[in-house]
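Okay, structure first, notes after.
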Amino acid sequence: MKNNTKPTVEVCFSPSLYAPHHKPADIVVVVDVLRATSAICTAFEHGVERMIPVATIEEARDYKNKGFIVAAERKGSVVEGFDFGNSPFAYMNQNLQGQTVVLTTTNGTKAIETVRSAETVVIGSLLNLDFLSDWLAKQNKNVLLLASGWQDKFCLEDTICAGAITENLTSTGKFRSEEDSSVAARYLYLSAKDNYFGYLKASSHRRRLRDLNLNEDVKYCLTPNTTNVIPVLDGKYLVNLKQ
Ligand code: MLT
């Protein structure tokens, strides 16, 4: 295949930069390694049937008042009055098997909201890195990797994961990658890949979670390839992609 006819794989550093990257037919992969998209992958791995991602606490509260199971996180902590937050370990719970869980988080669910108009939206993390990359490689479509960032700013861990997916796809020889953001994400991934935990020592959200005694969550979220789920947006729901 000639290089310029190959599908692209590109990286967007933050939801605030999404508009110029938006192409409706792209597959958009939302990445929030610490911790929203890792928690979502874990939920499906452990038997949650559907999730409803919502951007605001108000929407989450409306669902709660209607009797839904609702998880809410802001700035790393569980929001008062909700069932649990964004720790992946909270989703390893038999009582959630077969259930619908509503989720709102500081950045991850807001990023999902930003890309709702894309034709296909899937959820990426280090946990489903290779399985998701293999699936993306088979679709023969442009892929946009959206790092959820922190409050609309750049963040290291999401960019590294986006760089890992970029590396996986370009190394198949079936994709081209031309944006500087994608080149930078790939370089960051190559520098970090042998020790994500050590590399991310200085990252702002790793520090924030450490101060909340959540280092175990960080270690879990930085362990690649522990699940073969691909959460996909289907209307207002996230479901596990059936293949
Ligand atoms: C987010 O959506 O901003 C994060 O997942 C924050 C967190 O709970 O670590």
Side-chain angles (χ1 to χ4, degrees), residues 12-18 28-46 48 51-61 63 69-93 96 101-116 121-129 145-162 196-197 200-223 226-227 229 231 233 238:
C12 174
F13 285 149
S14 140
S16 61
L17 295 170
Y18 178 66
V28 179
V29 181
V30 177
V31 177
D32 186 353
V33 169
L34 299 177
R35 295 167 290 171
T37 60
S38 302
I40 292 168
C41 288
T42 305
F44 286 105
E45 170 70 20
H46 286 265
V48 165
M51 297 185 83
I52 305 177
V54 296
T56 66
I57 297 285
E58 290 67 36
E59 291 166 272
R61 207 161 269 136
Y63 275 107
I69 301 168
V70 185
E73 168 275 340
R74 284 297 178 271
K75 297 191 175 171
S77 299
V78 180
V79 181
E80 208 183 309
F82 289 91
D83 301 313
F84 46 91
N86 209 13
S87 171
F89 296 113
Y91 295 84
M92 298 174 187
N93 177 347
L96 296 180
V101 177
V102 179
L103 172 68
T104 183
T105 74
T106 313
N107 305 289
T109 56
K110 197 176 138 217
I112 295 171
E113 196 53 45
T114 305
V115 300
R116 254 185 208 285
V121 177
V122 296
I123 298 299
S125 66
L126 289 171
L127 307 182
N128 66 349
L129 173 63
L145 305 160
L146 173 64
S148 300
W150 182 259
Q151 297 183 325
D152 275 336
K153 292 184 265 182
F154 174 92
C155 99
L156 212 43
E157 62 277 5
D158 297 344
T159 307
I160 285 168
C161 181
Y196 293 119
F197 193 73
L200 289 168
K201 209 167 238 156
S203 94
S204 59
H205 199 45
R206 214 209 109 177
R207 276 186 278 124
R208 204 173 287 115
L209 293 175
R210 185 201 55 211
D211 294 346
L212 292 166
N213 287 324
L214 292 169
N215 256 345
E216 289 311 307
D217 281 30
V218 176
K219 284 184 190 154
Y220 173 86
C221 295
L222 297 182
T223 305
T226 55
T227 179
V229 299
L233 205 55
L238 282 169

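These numbers come from the heavy atoms of this one structure, side chains and all, not from hydrogens, waters or symmetry mates. Quantities reported herein were computed from a predicted structural model and do not represent experimental measurements. Residues take their numbers from the sequence shown, with the count starting at 1. Numbering of ligands and ligand atoms starts at 1, following listing order.
- Polar contact with ligand 1: absent for G76 (N/O pair, distance under 3.5 Å).
- Contact between H205 and ligand 1 is present, with at least one heavy atom of the residue lying under 4.0 Å from the ligand.
- The minimum heavy-atom distance linking L96 with A90 is given by the pair CD1-O, 3.7 Å.
- On a distance-only criterion, L209 and ligand 1 share no N/O pair closer than 3.5 Å.
- Under the 4.5 Å side-chain criterion, counting only non-hydrogen atoms from C-beta, L126 is not in contact with S38.
- Here the protein heavy atom with the shortest distance to atom 2 (O) of ligand 1 is T105 OG1, 2.5 Å.
- Between Y91 and F84, the ring planes are perpendicular. Angles over 60° get that label, and only those under 30° would be called parallel.
- Shortest contact from atom 3 (O) of ligand 1 to any protein heavy atom: N107 ND2, 2.6 Å.
- If you number the atoms of ligand 1 from 1 as listed, the ones under 4.0 Å from a heavy atom of W150 come out as 3 (O).
- What sits closest to atom 1 (C) of ligand 1 on the protein, heavy atoms only, is D32 OD2, 3.1 Å.
- The protein non-hydrogen atom at the shortest distance from atom 5 (O) of ligand 1 is N86 ND2, 2.6 Å.
- Nearest non-hydrogen protein atom to atom 6 (C) of ligand 1 is E73 OE2, 3.1 Å.
- Each of I123, V122, I112, V115 was scored for a side-chain contact (heavy atoms from CB on, under 4.5 Å) with L233, with one residue passing: I112.
- A salt bridge links E113 with R116: at least one charged nitrogen is closer than 4.0 Å to a carboxylate oxygen.
- A donor and an acceptor atom, one from each side chain of S87 and D217, are located under 3.5 Å apart.
- Contact atoms of ligand 1 toward A36: 2 (O), 5 (O) (distance under 4.0 Å to a heavy atom of the residue).
- Of all the atoms in ligand 1, the ones that sit under 4.0 Å from a non-hydrogen atom of R35 are 4 (C), 5 (O), 7 (C), 8 (O), 9 (O).
- For the residue pair R35 / S125, no side-chain donor-acceptor distance below 3.5 Å is found, with atom types taken as modelled.
- Inter-residue side-chain proximity for F197 and R206 is flagged as met; some heavy-atom pair is nearer than 4.5 Å.
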